[in-house]
Structure formats: C-alpha cells, structure tokens
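One structure below.
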Amino acid sequence: MIRARITATGSYVPDTVITNHDLEKIVDTSDQWIVERTGIKERRIAGASQASSDLAYAAAQKALKQAHLKPKDIDLVIVATCTPDMAFPSTACFLQDRLGIKHTGAFDINAACSGFVYGLHLASSLIRTEAHRRILLVGTEVLSRVTDWQDRATCVLFGDGAGAVVLEGTKERRGIMSTRIQADGGLGELIMLPGGGTRTPCSKQMLLKKMQFIKMKGNETFKVAVRTLEEIAARTIEDNGIDPSQLSLLIPHQANLRIIQATAKRLNLPEEKVFVNIEKYGNTSAASVPIALDEAVRAGRVKDGDHILLEAFGGGLTWASALLKW
Ligand code: ACO
C-alpha cells in the first residue's frame, strides 16, 4: 500500500511587522485586549507589490530546496487560498509559471482557513491511488487586502504568509495516516467576504457597503470552532487506534489561543506538546498550519516516528484534521 508522506516543508512571511501597539493608533483597541482575547502580539503584512502567488513562490522554493528537488520533479501543484491573486488564472497557475514548470496540472482549492488540511486530504488520496507521485501543496494568503482596517473586531486578527510541503509516496507504514474533512454550509454567514463575486459583483454600491472585506461574527464562530475541533481531533485519534497520550505534537490552526487551549485540554495534552506561533503571525488562514509545521520541523520538534495531529477551522464553515506519522 502506498501512503503519502510529507518529505519537505518551507514557509515565508513578509518582512513588515504590525504590532498591537501599531493597531492601537488606528482603531479603538489595546494590546492587552488583543493578547488576552486572542494570544496575538503582532502580524506580518505583504508589501504593496506582493500577491498570494509571490508568497507561495518563496515558501515553495524553500520546501523544494529542503527536498533536494528541482521544480521539474513535481507532477502536480495545488494551492489552498481564499485570497487568490485574482479569480482566474488560479494562484496555482501563477505559481507553476514562476517555478518554470509546464508539464503539471495546477489548481486552487478554497476551504478558507481549513484549506491546507483539505489539501492534504486531497493530495494524500491522489498519491495513494498513484494518480500522482510528487505533489507541491501550498497554503498562501494575503488577508491584509481583504481586511477592513477600520473594523477592530477583525483587523486585529489576521496576517499574511505562506507555507508549502512536498508530498511523495512511501511503502513504509508512515506519512499521512488518516484525514477527516467536514463542512456546514448552513453556518456560512458567520465568516464571509460577501462582495466581488457573482452574488454581489464589484460596484460603487458594493464598495460603499465595504462588502469587499471579511465579515465575521467572532463570538458565534468561536463556539462552533471549539466544539467541532474538539470532536474532529478526538475522532481522528480514535481512527488510528491510538490514545491522545501517544501524540508527540498537536499543530493547530492559529486563529485564537483560547481555541487552541480548549482543544489541547480536551485531549489532555501538556503545553509542550502543542505548537503555538500565533503571537508572531496572527491568523494566516490556509497558511497557518503549514507555517507552523515548517517552524516545528526546523526547530527540531518533529522526529521520525512521531504522531502529529494537524487541525484547522474556517469559513464555510469548514473544519479538518490529519494524523501524520513522521
Ligand atoms: N479591541 C477591543 N475590544 C474589542 C475588539 C478589539 N479589537 N474587538 C471586539 N471588541 C469588543 C466587542 O465590541 C465587545 O464589546 P461589548 O461587550 O461592549 O459589545 C467585546 O469586545 C467582546 O467581543 P466578542 O466578539 O464577544 O469577543 P470574543 O471574546 O468572542 O473575542 C474573537 C473575539 C477574538 C474574534 C473571538 O470570538 C474569536 O477568535 N473567534 C473565532 C475566530 C475564528 O476562529 N475564525 C475562523 C477562521 S477565520 C477564516 O476562515 C478567514
């Protein structure tokens, strides 16, 4: 049996740092409120000339370098994003072109913040069926362009960045052991970017209503996130016939430290088994899990044979998990 295995990781965040104190100057908020309610201290913001595919390219190059691969060794490019460069061509096509490869398929998927873990579900299935041998999967976002910098309820939460992985087949009993994806479209109105699509196309009216920006009912979203993540994490561990105590690391989506702590508590995981970098980057949506995974790998917190649980939650609503044996 062939399983998909992550053989390399890479990530990129833009240089510009916006701290909570910077935000205190533009909206009615405080460093204390943001840290206490979310765990975020600062976030990175893309430069004026940087789009999602540019961040993706920087992250992909690092992953390819770690894998000792050339772009031509890849046979499929998948990009998870809810902030594409444009509606089409896909961000994956822009990335494929930047990488200088023409022989692969390339497409985007959108499951908002769950996009990367949805992508793992897809890529893992494509490798298991031997439809593809070596897949480049990237989560990339420039959320700063769809953030209303006058809305304190959302502008303190988000940041920009990208994370990439290379997935290859293995016959060993390791790699992506199982994945779960779920959605509840009935709760879509809790987080949405309503303008600019075919429902409400770009118009002066649309812009006046600020529909080009993320709208979120934070508190209601928070409650659903805690409930669904606790459940999907526990079920994913059960699927693999292991006990939560056998997990070496939980790498959660970095949306809110309190959500992360609730999931960890439910699994009875001590702090040192939970990877957290939300204080540096905020919520980078589909980029959050692969950035955290890359940082965990490079910090030596992931070792051969470790059981690692990834989980994410986002607009849709969507949520997803993956159990890896490294
Ligand atoms: N600074 C100061 N006060 C604020 C701020 C701010 N930045 N934002 C909101 N407040 C105020 C509110 O106005 C409210 O005041 P009131 O009581 O006078 O009405 C009070 O703080 C409490 O607001 P809540 O929204 O109830 O605060 P909560 O504790 O729920 O925290 C937060 C808000 C951080 C957004 C939290 O609900 C959350 O993290 N939700 C989940 C987000 C998430 O997981 N999203 C999914 C991914 S996003 C994607 O897919 C793109």
Side-chain angles (χ1 to χ4, degrees), residues 18-43 52 80-84 109-119 139-161 181-185 187-197 212-230 232-233 252-263 276 278-279 281-289 291-292 311-321:
I18 305 269
T19 65
N20 292 348
H21 295 294
D22 294 327
L23 291 175
E24 283 173 348
K25 293 175 198 143
I26 59 171
V27 285
D28 179 14
T29 191
S30 67
D31 174 56
Q32 189 189 351
W33 190 95
I34 303 170
V35 172
E36 280 178 12
R37 305 312 292 164
T38 71
I40 302 165
K41 292 182 181 159
E42 56 188 45
R43 68 287 293 143
S52 286
T81 185
C82 61
T83 51
I109 58 169
N110 179 355
C113 299
S114 311
F116 177 79
V117 187
Y118 263 62
T140 185
E141 305 282 9
V142 182
L143 291 163
S144 58
R145 301 268 153 73
V146 294
T147 297
D148 179 354
W149 292 98
Q150 292 174 335
D151 175 16
R152 70 173 183 176
T154 53
C155 76
V156 302
L157 304 174
F158 301 113
D160 302 336
I181 61 169
Q182 251 178 286
D184 183 349
L187 295 175
E189 53 137 24
L190 294 186
I191 318 168
M192 55 168 57
L193 198 164
Q212 73 276 32
F213 297 132
I214 298 173
K215 313 282 175 208
M216 185 165 77
K217 293 179 181 161
N219 197 268
E220 288 165 64
T221 308
F222 184 93
K223 288 176 197 151
V224 185
V226 169
R227 177 170 52 77
T228 54
L229 287 174
E230 285 182 357
I232 203 168
H253 171 45
Q254 312 280 318
N256 187 313
L257 186 58
R258 290 181 293 139
I259 298 176
I260 295 172
Q261 286 167 341
T263 313
V276 176
I278 191 170
E279 69 284 358
Y281 308 130
N283 178 352
T284 56
S285 186
S288 127
V289 171
I291 292 174
E311 48 89 332
F313 177 90
L317 296 178
T318 55
W319 55 102
S321 62

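We number each residue from 1, following the sequence as shown. All ligand and atom numbering here is 1-based and tracks the order in the structure. In this text, all values refer to a predicted model and were calculated from it rather than measured experimentally.
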Looking at side-chain heavy atoms only, is the closest gap between [X] and [Y] below 4.5 Å?
| X | Y | answer |
| --- | --- | --- |
| S144 | W149 | yes |
| V146 | F158 | no |
| I191 | I214 | yes |

Does some non-hydrogen atom of the protein lie less than 4.0 angstrom from [atom]?
| atom | value |
| --- | --- |
| atom 3 (N) of ligand 1 | yes |
| atom 9 (C) of ligand 1 | yes |
| atom 39 (O) of ligand 1 | yes |
| atom 16 (P) of ligand 1 | no |
| atom 36 (C) of ligand 1 | yes |

Are any of the N or O atoms of [X] closer than 3.5 Å to those of ligand 1?
| X | answer |
| --- | --- |
| N219 | yes |
| T221 | no |
| R152 | yes |
| I259 | no |
| G218 | yes |
| N283 | no |
| N256 | yes |

Whether the side chain of [X] engages the backbone of [Y] through a donor-acceptor N/O pair (distance < 3.5 Å, no angle test) should be reported.
| X | Y | answer |
| --- | --- | --- |
| T263 | L229 | no |
| R43 | V156 | yes |
| T29 | R152 | no |
| T81 | T140 | yes |
| S114 | G314 | yes |

Which of the atoms of ligand 1 are close to [X], meaning less than 4.0 Å from one of its heavy atoms?
| X | result |
| --- | --- |
| A112 | 50 (O) |
| C113 | 47 (C), 48 (S), 49 (C), 50 (O), 51 (C) |
| A255 | 44 (O) |
| R37 | 29 (O) |
| G315 | 49 (C), 50 (O) |
| G314 | 47 (C), 50 (O) |
| V156 | 7 (N) |
| T38 | 34 (C) |

Quiz prompt | Exercise: do T83 and E141 side chains pair donor with acceptor under 3.5 Å | solution = yes
Shortest non-hydrogen contact between [X] and [Y], atoms and distance:
| X | Y | value |
| --- | --- | --- |
| G161 | A287 | O-CB, 3.3 Å |
| H253 | C113 | NE2-CB, 3.3 Å |
| N283 | I40 | N-CD1, 4.4 Å |

Quiz item: Salt bridge check: are K217 and E189 linked by an N-O gap of less than 4.0 Å?
Solution: yes
Shortest protein heavy-atom distance from [atom], along with the residue and atom involved:
| atom | value |
| --- | --- |
| atom 45 (N) of ligand 1 | M216 SD, 3.6 Å |
| atom 22 (C) of ligand 1 | W33 CZ2, 4.4 Å |
| atom 46 (C) of ligand 1 | I191 CD1, 3.5 Å |

Quiz item: What distance separates Q150 CD from C155 SG, expressed to the nearest 0.5 Å?
Solution: 9.5 Å
Practice problem: Pick whichever of K223, R258, Q32 has a heavy atom sitting closest to atom 28 (P) of ligand 1. | Solution: R258
Quiz item: Considering only heavy atoms, does T29 approach ligand 1 within less than 4.0 Å through its side chain, its backbone, both, or neither?
Solution: both
Exercise. Answer yes or no: does atom NZ of K215 have more than 12 heavy-atom neighbours from other residues, nucleotides or ligands under 6.0 Å?
Key: yes
